[in-house]
Amino acid sequence: IYGEIYRNPEFFSKFSKKIKLVLENSYKVISCSNHCMESLKLIDLSIKNKQVILPSIDVELFKKLDKEKNKFKDLPFVQDRKKIIGYLGRFEKEMGLLIFLDLINKPELKNNKFLIIGASGALSGHTLSIEGKNKDRVIVYSDVREKKLPHLLNLCDVLIVPSINERACYGKAIAEGQSCGVPVIASNLGGHKEVIENNHSGMFFEPNNSDDLKNKINYLIDDCELRNEIINNGLKKSPQYSNHIKLKYNFEVYKGALKR
């Protein structure tokens, strides 16, 4: 179960009887978050044989890097040591990219730089256009190979995950940022609450509110003690995101199904 029901509950309600039949005849119903499992209630379904297995990441790849080992350390973009605000996600409206792009014109953030990383999407052209108009402050990396992502993330002073709707099941980008030792600010919705404890392992901002996000960014950058606390607590959470742990959970589920 992922977040598609949140996107269009009316559509899925039309097929609720068939969905119920499938779920009731399943050994286990797996979801990537408790939030997404709860979406079944929107179509009046409730199940007992459920299990949440949070998505995993390669914690050996996504880790805090020494600056000298960063493949992007010599980029002119990073040489002036201005604070870099990062985005990691698809170039789509529902990912909150427009909210992030709105930050670029905030006078309070005029001395910051913006690093935009993600998969191509409907907003790719718009994003590249903004980069072209702000070459000294904005740089875009689209469709980057996974091995390069940790190097780019390690350039960021703060990572923003600004999803705008409840379809945000989990926030894999949050886990990747935490594992790289980057403080994360995410929209306060969906499955983000299962990855972040506010002001402990990350920060929340009001969804769709770039002014609140701007204020949270400045607050986090200025408060070194809170920033370091969030970084350290995020790093402590990293081991639980390991592929090996999630693989073990999946293996147990499939082994049980085969014994039926």
Side-chain angles (χ1 to χ4, degrees), residues 62-68 70 72-73 75-89 95-118 130-131 134-141 149-164 168 171 173-189 192-193 195-238:
F62 288 90
K63 60 185 178 181
K64 191 172 180 63
L65 299 174
D66 184 281
K67 290 183 179 180
E68 291 304 311
N70 195 309
F72 296 93
K73 65 181 175 64
L75 277 179
F77 183 79
V78 302
Q79 295 308 306
D80 57 11
R81 297 187 179 181
K82 289 186 176 180
K83 299 297 184 184
I84 297 175
I85 302 169
Y87 167 92
L88 175 61
M95 302 302 291
L97 180 54
L98 291 177
I99 301 299
F100 182 85
L101 295 175
D102 193 42
L103 297 172
I104 296 170
N105 294 319
K106 300 287 185 186
E108 298 89 343
L109 299 175
K110 65 182 180 181
N111 292 321
N112 296 105
K113 293 192 172 184
F114 297 85
L115 175 58
I116 304 171
I117 315 160
I130 289 178
E131 179 191 32
N134 301 271
K135 289 185 178 180
D136 59 329
R137 297 180 59 226
V138 179
I139 189 167
V140 176
Y141 283 91
L149 288 179
H151 292 266
L152 289 169
L153 285 174
N154 270 269
L155 296 178
C156 300
D157 292 283
V158 58
L159 179 66
I160 311 301
V161 181
S163 307
I164 63 173
I174 298 174
E176 290 171 342
Q178 289 173 331
S179 292
C180 287
V182 182
V184 181
I185 302 178
S187 47
N188 188 14
L189 50 67
H192 294 173
K193 301 172 186 178
V195 198
I196 285 179
E197 295 174 70
N198 195 33
N199 293 326
H200 180 75
S201 55
M203 288 184 73
F204 286 129
F205 75 96
E206 182 182 337
N208 280 299
N209 189 332
S210 61
D211 283 326
D212 185 47
L213 175 55
K214 167 204 67 182
N215 293 335
K216 296 292 172 58
I217 291 171
N218 281 330
Y219 183 79
L220 184 58
I221 288 176
D222 291 340
D223 191 331
C224 293
E225 184 176 348
L226 175 61
R227 172 183 163 78
N228 289 331
E229 180 182 351
I230 286 175
I231 289 173
N232 290 330
N233 288 327
L235 286 170
K236 288 176 183 177
K237 288 173 65 72
S238 178

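Below, each value reflects all heavy atoms present in this structure, side chains not excepted, and no hydrogens, waters or symmetry copies.
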> Run the side chain to side chain contact (heavy atoms under 4.5 Å, CB included) check on Val182 and Val158 step by step: do they pass?
Replying inline: CA-CA 6 Å; Val182 182; Val158 58; 5.5 Å; no

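- Looking at heavy atoms from C-beta onward, Arg227 lies out of side-chain contact with Ile230 at the 4.5 angstrom threshold.
- With Ser187 contributing its side chain and Ser163 its backbone, the two residues share a donor-acceptor pair below 3.5 Å.
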>> Asn70 vs Lys67, test: side chain to side chain contact (heavy atoms under 4.5 Å, CB included). Steps then yes/no.
In response: CA-CA 5 Å; Asn70 195 309; Lys67 290 183 179 180; 5.6 Å; no

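- Remark: the backbone N or O of Lys64 is not paired with any side-chain donor or acceptor of Asn154 at under 3.5 angstrom.
- Ser210 and Asp102 are linked by a side-chain donor-acceptor pair at a separation below 3.5 angstrom, with hydrogens and angles left out of the test.
- With hydrogens and angles ignored, the 3.5 Å screen pairs no side-chain donor or acceptor of Asn188 with any backbone N or O of Phe204.
- One finds the CD1 atom of Ile160 at 9.5 Å from the CE atom of Met203 (value rounded to the nearest 0.5 Å).
- Nearest approach of Leu153 to Gly177, heavy atoms of both residues: CD1-N, 4.4 Å.
- In this structure, the side chains of Asn233 and Lys237 stay at 4.5 Å or more apart for every pair of heavy atoms.
- Applying the side chain to side chain donor-acceptor pair (under 3.5 Å) criterion to Asn112, with sequence neighbours excluded, gives no partner residue.
- Side chains of Ile104 and Leu109 form no contact here, defined as non-hydrogen atoms less than 4.5 Å apart.
- Within the model, atoms CG of Leu152 and CG of Leu65 stand 10.5 Å from one another, a figure rounded to the nearest 0.5 Å.
- Between Ile84 and Lys82 the shortest side-chain heavy-atom distance does not fall below 4.5 Å.
- In this structure, Phe72 has its ring center closer than 6.0 angstrom to the ring center of Tyr141.
- Contact detail for Pro183 and Ile231: the closest heavy-atom pair is CD-CG1, 3.6 Å.
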>> Determine whether Ile85 and Ile217 satisfy the following criterion, side chain to side chain contact (heavy atoms under 4.5 Å, CB included), listing intermediate values before the conclusion.
In response: CA-CA 8 Å; Ile85 302 169; Ile217 291 171; 3.8 Å; yes

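- For the pair Asn215 and Phe205, the minimum side-chain heavy-atom distance is 4.5 Å or more.
- Minimum heavy-atom separation, His192 to Gly171: CD2-CA, 4.1 Å.
- Distance check: Ile174 CD1 to Glu176 CD gives 10.5 Å after rounding to the nearest 0.5 Å.
- Looking at Ile116 and Leu97, their side chains come closer than 4.5 Å, going by heavy atoms from C-beta outward.
- Taking the six-membered ring where the residue is Trp, Phe100 and Phe114 present perpendicular rings, their angle passing 60° and hence far from 30°.
- Rounding to the nearest 0.5 Å gives a distance of 4.0 Å between CD1 of Ile130 and CG of Leu101.
- When atom types are taken as modelled, the side chain of Gln178 and the backbone of Leu235 share no donor-acceptor pair closer than 3.5 angstrom.
- At distances below 3.5 Å, not a single donor-acceptor pair connects side-chain atoms of Arg137 with backbone N or O atoms of Glu131.
- Contact annotation: the side chain of Tyr87 approaches that of Pro162 to within less than 4.5 Å [non-hydrogen atoms, C-beta and beyond].
- Each salt bridge (Lys or Arg N to Asp or Glu O under 4.0 Å) pair with one or both residues in residues 203-225, not counting sequence neighbours, appears once here: Lys106-Asp211, Glu108-Lys214, Asp211-Lys214, Asp212-Lys216.
- Rounding to the nearest 0.5 Å places CD1 of Ile99 at 4.5 Å from CG of Asn208.
- A 4.5 Å side-chain heavy-atom check between Ile185 and Leu159 finds every atom pair outside the cut-off.
- In terms of heavy-atom proximity, Leu115 sits nearest to Cys156 at CD2-SG, 3.8 Å.
- The residue from Asp136, Asp80, Asp157 that alone fulfils the salt bridge (charged side-chain N to carboxylate O under 4.0 Å, His left out) condition with Lys113 is Asp80.
- Rounded to the nearest 0.5 angstrom, Leu155 CG and Cys180 SG are separated by 10.5 Å.
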